[in-house]
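First the proteins, then the strands, lettered A, B, ... as listed; each starts at 1.
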Protein chains: 2
Amino acid sequence: MTVHDDVTTRPRNATLKDVAKLAGVSVATASKALNGKDNVHPDTRRRVVEAAERISFTPNQLARAILGKQTGTVGLLTHDLEGRFSIPILMGAEDAAGAGQMSVFLCDARGDSIREQYHLKALLSRRIDGLIVVGGQTDPRPSIGRSLPVPVVYAYAPSLDPADVSVVPDNTHGGMLAAQHLISTGRRRIAHISGDVEYLAARERANGVQRALADAGLPLAGGEVLYGSWSESWGRSAALTLLDRDPQIDAIVCGSDLIARGVLDSLRDRGVDVPRDVAVIGFDNWEVLVQGSRPALTSIDMNFEALGRRAAERLIEAIAGRETPGVETLDCRLVVRGSTSYGR
Amino acid sequence: MTVHDDVTTRPRNATLKDVAKLAGVSVATASKALNGKDNVHPDTRRRVVEAAERISFTPNQLARAILGKQTGTVGLLTHDLEGRFSIPILMGAEDAAGAGQMSVFLCDARGDSIREQYHLKALLSRRIDGLIVVGGQTDPRPSIGRSLPVPVVYAYAPSLDPADVSVVPDNTHGGMLAAQHLISTGRRRIAHISGDVEYLAARERANGVQRALADAGLPLAGGEVLYGSWSESWGRSAALTLLDRDPQIDAIVCGSDLIARGVLDSLRDRGVDVPRDVAVIGFDNWEVLVQGSRPALTSIDMNFEALGRRAAERLIEAIAGRETPGVETLDCRLVVRGSTSYGR
């Protein structure tokens, strides 16, 4: 996507001049329109943005035009006590406009709304062009307000205000992916152990699992979703419960990798072979948990980097005056390892 | 430490006026001297700083005086692919000047020096007051240079330039703490399994373990440190090697929690009871690994929050013109759980 003006042998990419010509405005006006900050009539801005899209003025180029010659800087206001999702989301956001085109400043409010206001003030005083707000978990969160001088995009946790722009992982899709993978590898008695039912993510993942099973005409093994806590010890005890209820189960979808680690422990203790007798799949694809288990753990990845990238793209669009309110969901990704597959 | 001027019943805290009086300068000069940015003679600055210290003008107050009425903002340039240490170091740095006194903007250069330069430029263009550089691992790293317009403090990984200010965890002390804990609970045949010997941290931790053993007149069980990789699978195979070499070992210090998890697995497979037969201790105190293991894992904590707090304190001092070059090491902390202690 990078433009190389000095390499004449490559197909010429669209320029801001091309956009201006097509929109019937001056280059300065096109730049202002895409920049989104100056006094440009909304109709003119729409015309310029449409022209940019029509001739595939790429996101990188768009970002550069919007961010101008200066370093574009975006704030990322997160609520994270572990660093599990913030750092990958930050990386994705940084890369959205092409390497080295945009700086993202991360501040951590740790679930505290006073701290959030404080960081917000600091970021705004440092002339950020836009803000990405990353929730502490996937449940919807209050809007940070519509009166900020810069556009805001919510990532991971959606805003409760439907007028805001949110980008979140599709947990239902993740649950479906997990169950479909097991079904496609011949499993028929599939159970589901998950964490705290109060978490929207837990319920959505369970819905996805049950939908995939229903589509295949299969019942949920064990009779119901076993909700509990997001811990190894819950995974261990729930697996024992399942084995007692239905010794014939041949697969378990787990709501997190930690739960799956506990499940693997109990199956090993009972002499149940994974994946031969029972296949196990986790959720999170957390490197530190999935690589070293016996066997290595198949898991669902929420694609945090892609989520960060998409949030930043949406933010760049919003800076350009093209804000499309609502919640955008991004697909999860299946990562197959030994716990569901013999060859690995 | 917070000053409550409106609460007259509490002992009155030192004020900037007190500092000025003691130093024999005007309040304006005292402020300038502590601010470190204006044209104050070095001798005057030293006198003011000494006065501030003598009457316990606290770090919070000092920070406020230095950072002024505006939001103080510090850059934290990290190299982190996982978020394991950056987020806690960030939290500590934020809290150094008292809650809500300072904003820290984190940028992630991911081990790439070009990206580091780019983020550095972006941070400086946003008028940061100082910079904390966090290395990707504990090995010394090149200096970011002495020509920046703001002071720099290195955290986690020290700068190779002795003229820089660095704050790092004392890995040797961590290794000693681990071995001393085992010795104090009656263990006598203590072995050490660690990760990649190329890491300075691995060698320092091993030195600490061996120093504590030597102090107690004990040999290292297993005859040598078993270096390998920072993985569960290495922990598993190294533990089996150890049991074969010396079935009498009664404790294993592990160079990381991941290694310790593998060690626990192999001991369980061999029917060795933890902690009765063999005590196991990890390093990192990584919540996700130490809480759910069987039994829960005693570990050494590198106190990332304290490290971040100390780095920010040193940075505030440097902003005030009191830069003391060299490497400061911070003690690690022992967190006792079931893998070394019966009662837990």
So which of A/E287, A/E232, A/Q117 has the largest heavy-atom pair count under 4.5 angstrom toward chain B? A/E232

Residue list, salt bridge (Lys or Arg N to Asp or Glu O under 4.0 Å) with B/E305, at least two apart or on another chain: none

Please report the interatomic distance SG(A/C107) to CD(B/E94), rounded to the nearest 0.5 Å. 6.5 Å

Contacting region of A/S293 [heavy-atom separation from chain B under 4.5 Å]: backbone

Going from OG on A/S103 to CG on B/D108, what distance comes out if it is rounded to the nearest 0.5 angstrom? 11.5 Å

Positions in residues 254-265 of chain A that reach chain B, provided some heavy atom is under 4.5 Å away: A/L258, A/R261, A/D265

Highest number of heavy-atom pairs under 4.5 Å with chain A: which of B/I114, B/V104, B/D112? B/V104

ring-ring contact (aromatic ring centres under 6.0 Å, His included) pairs touching residues 284-312 of chain B, sequence neighbours excluded, are B/Y156-B/F304

Here the gap from A/S86 atom OG to B/L106 atom CG, rounded to the nearest 0.5 Å, amounts to 9.5 Å

Residues two or more places apart in sequence or in another chain: which of them pass salt bridge (Lys or Arg N to Asp or Glu O under 4.0 Å) with B/R268? A/D269

Leading residue by heavy atom contact count with chain A [cutoff under 4.5 Å; candidates B/L289, B/T78, B/V288]: B/V288

Chain B heavy atoms under 4.5 Å from A/L123: which part of the residue, side chain, backbone, both or neither? both

For B/D95 versus A/R115, what's the shortest heavy-atom pair and its separation? OD1-NH1, 3.4 Å

So, does A/R236 use its side chain to make a donor-acceptor pair with the main chain of B/G292 at under 3.5 Å? yes

Please classify the contact between B/L76 and chain A as side chain, backbone, both or neither, with a heavy-atom cut-off of under 4.5 Å. neither

